[in-house]
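Everything below concerns the one structure shown next.
Ligands are counted one by one from 1 in listed order, and the atoms in each one are counted from 1 as well.
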Amino acid sequence: MNPNSIKGTLLVSVVLCVACSLLVSSAAVLLRPMQEANKKLDQQRNVLLAAGVDVDSMSSDEIVAMFNDETKVERVLIDLSTGEAVDVEAAGIDLATYDPKKAAKNPELSERVHAGGGPTHGISRREKYAFVYQIKNENGEIDKYVLPIYGKGLWSTLYGFIALQGDVRSVGGVTFYEHKETPGLGGEVDNPAWKAKWSNKQAFDEQGNVDFHVIKGTVDLNSAQAAHQVDGLSGATITSRGVSNMVQYWVGPDGFGKFLEKQRAQ
Ligand SMILES: Cc1cc2nc3c(=O)[nH]c(=O)nc-3n(C[C@H](O)[C@H](O)[C@H](O)COP(=O)(O)O)c2cc1C
């Protein structure tokens with residue numbers, strides 16, 4: 001067949017299209033396990049970052065090894081309505097594949113948000129079960145609790161982690177790993193200098209009620225509330241308010257509050 005004929009041109013185009021689509025789809029299938037592993041590693045890296053671990057000096061293998069050793073990091077699936085660890089068999093959950101982000105959109109695995117009039121994370125449903133990461137010290141005692149947090153900013157849902165110290169009151173650190181806020185404005189949630197301001201802030205009052213605020217402007221260090229406040233991001237009041245609300249929601253009674261209360265009582 002003459003390749004310059006209409007039939008020839010069509011045949012070459014069809015063969016080329018089929019070959020390219022096969023190549024692209026096989027690459028997608030073959031690379032999926034690697035992408036999944038990288039996604040998991042990124043999450044683990046961010047859990048440690050929130051807890052103030054110097055992850056930049058750690059290799060990927062060292063990070064994975066930490067999460068495979070329950071004396072270093074213990075991941076527990078919590079039933080948010082009771083604050084107790086989930087009986088995964090009874091709940092029919094496979095821990096290897098359970099994804100809280102997907103669960104939040106599944107009517108069977110999620111519930112309506114009922115924060116009792118307090119701030120919410122800006123989304124009408126949330127997952128029933130969420131992971132808590134317990135970071136241990138050399139003696140195997142819990143040094144920090146790292147909780148996943150997410151909620152609406154201005155343009156996007158921000159996903160991150162907040163760490164609470166072993167006293168279950170003071171903040172150990174915060175990090176965001178996914179958002180679409182404006183670089184230089186809401187995107188300053190990623191600024192290490194801003195995140196450093198969270199360390200040792202108090203998330204609860206003496207009675208154990210949530211008392212934590214990202215305020216508009218700069219914290220007055222002489223004020224009695226200073227220990228419960230973090231500077232707002234300038235020019236990004238909406239993102240700052242979103243972050244403030246999501247923290248209040250997730251450490252509060254409709255989030256991890258019941259779990260945290262039990263830990264504090266221990
Ligand atoms: C292009 C553009 C991008 C913006 N991005 C953000 C943002 O990411 N987060 C935010 O809170 N405000 C953002 N703003 C500003 C908000 O519209 C709003 O003015 C601001 O949150 C008010 O904050 P301020 O009182 O500190 O000025 C953006 C504004 C513009 C014009």
**Message:** What protein heavy atom lies closest to atom 9 (N) of ligand 1? Include the residue and the distance to one decimal.
**Reply:** T239 OG1, 2.7 Å
**Asked** For K136, does the NZ atom have more than 12 heavy-atom neighbours from other residues, nucleotides or ligands under 6.0 Å away?
**Response** yes
**atom 19 (O) of ligand 1 within contact range, any protein heavy atom under 4.0 Å** = no
**Prompt:** Which protein heavy atom lies closest to atom 28 (C) of ligand 1, and at what distance to 0.1 Å?
**Reply:** L185 CD1, 3.8 Å
**Request:** Nearest 0.5 Å please: distance from the CD1 atom of I63 over to the CG atom of D42.
**Result:** 9.5 Å
**Item:** Exceeds 12 heavy-atom contacts within 6.0 angstrom, atom NZ of K40
**Value:** no
**Message:** More than 12 heavy atoms of other residues, nucleotides or ligands under 6.0 Å from CD of E206: yes or no?
**Reply:** no
**Prompt:** Is the closest protein non-hydrogen atom to atom 15 (C) of ligand 1 under 4.0 Å?
**Reply:** yes
**Asked** Are more than 12 heavy atoms from other residues, nucleotides or ligands located less than 6.0 Å from atom CD of E178?
**Response** yes
**Prompt:** Regarding H228 and D205, is there a side-chain donor-to-acceptor distance under 3.5 Å anywhere?
**Reply:** no
**Request:** May I ask you to check whether G235 has an N/O atom sitting below 3.5 Å from an N/O atom of ligand 1?
**Result:** yes
**Request:** May I ask you to identify the nearest protein heavy atom to atom 1 (C) of ligand 1, giving residue, atom name and distance to one decimal place in Å?
**Result:** W155 CZ2, 4.9 Å
**Request:** Check each atom of ligand 1 against the heavy atoms of G186 and keep those under 4.0 Å away; list them by number with element.
**Result:** 7 (C), 8 (O), 9 (N)
**Message:** Between ligand 1 and S234, is the shortest N or O to N or O distance under 3.5 Å?
**Reply:** no
**Message:** Evaluate N191 against E188 for side chain to side chain donor-acceptor pair (under 3.5 Å), listing each step before the verdict.
**Reply:** CA-CA 5 Å; N191 187 330; E188 286 295 289; 2.7 Å; yes
**Asked** Tell me: protein heavy atom nearest atom 23 (O) of ligand 1, and distance?
**Response** T237 OG1, 3.0 Å
**Request:** For R241 and ligand 1, answer yes if some heavy atom of the residue is under 4.0 Å from a ligand atom, otherwise no.
**Result:** no
**Prompt:** Side chain or backbone of L154 under 4.0 Å from ligand 1, or both, or neither, by non-hydrogen atoms?
**Reply:** side chain
**Salt-bridge criterion met for E111 and R125 (N-O under 4.0 Å)** = no
**Asked** Counting only heavy atoms not in L30, do more than 12 sit closer than 6.0 Å to its CG atom?
**Response** yes
**Message:** Yes or no, since that's all I need: does a protein heavy atom fall within a distance strictly under 4.0 Å of atom 4 (C) of ligand 1?
**Reply:** yes
**Item:** K216: numbered ligand 1 atoms lying under 4.0 Å from its heavy atoms
**Value:** 24 (P), 25 (O), 26 (O)
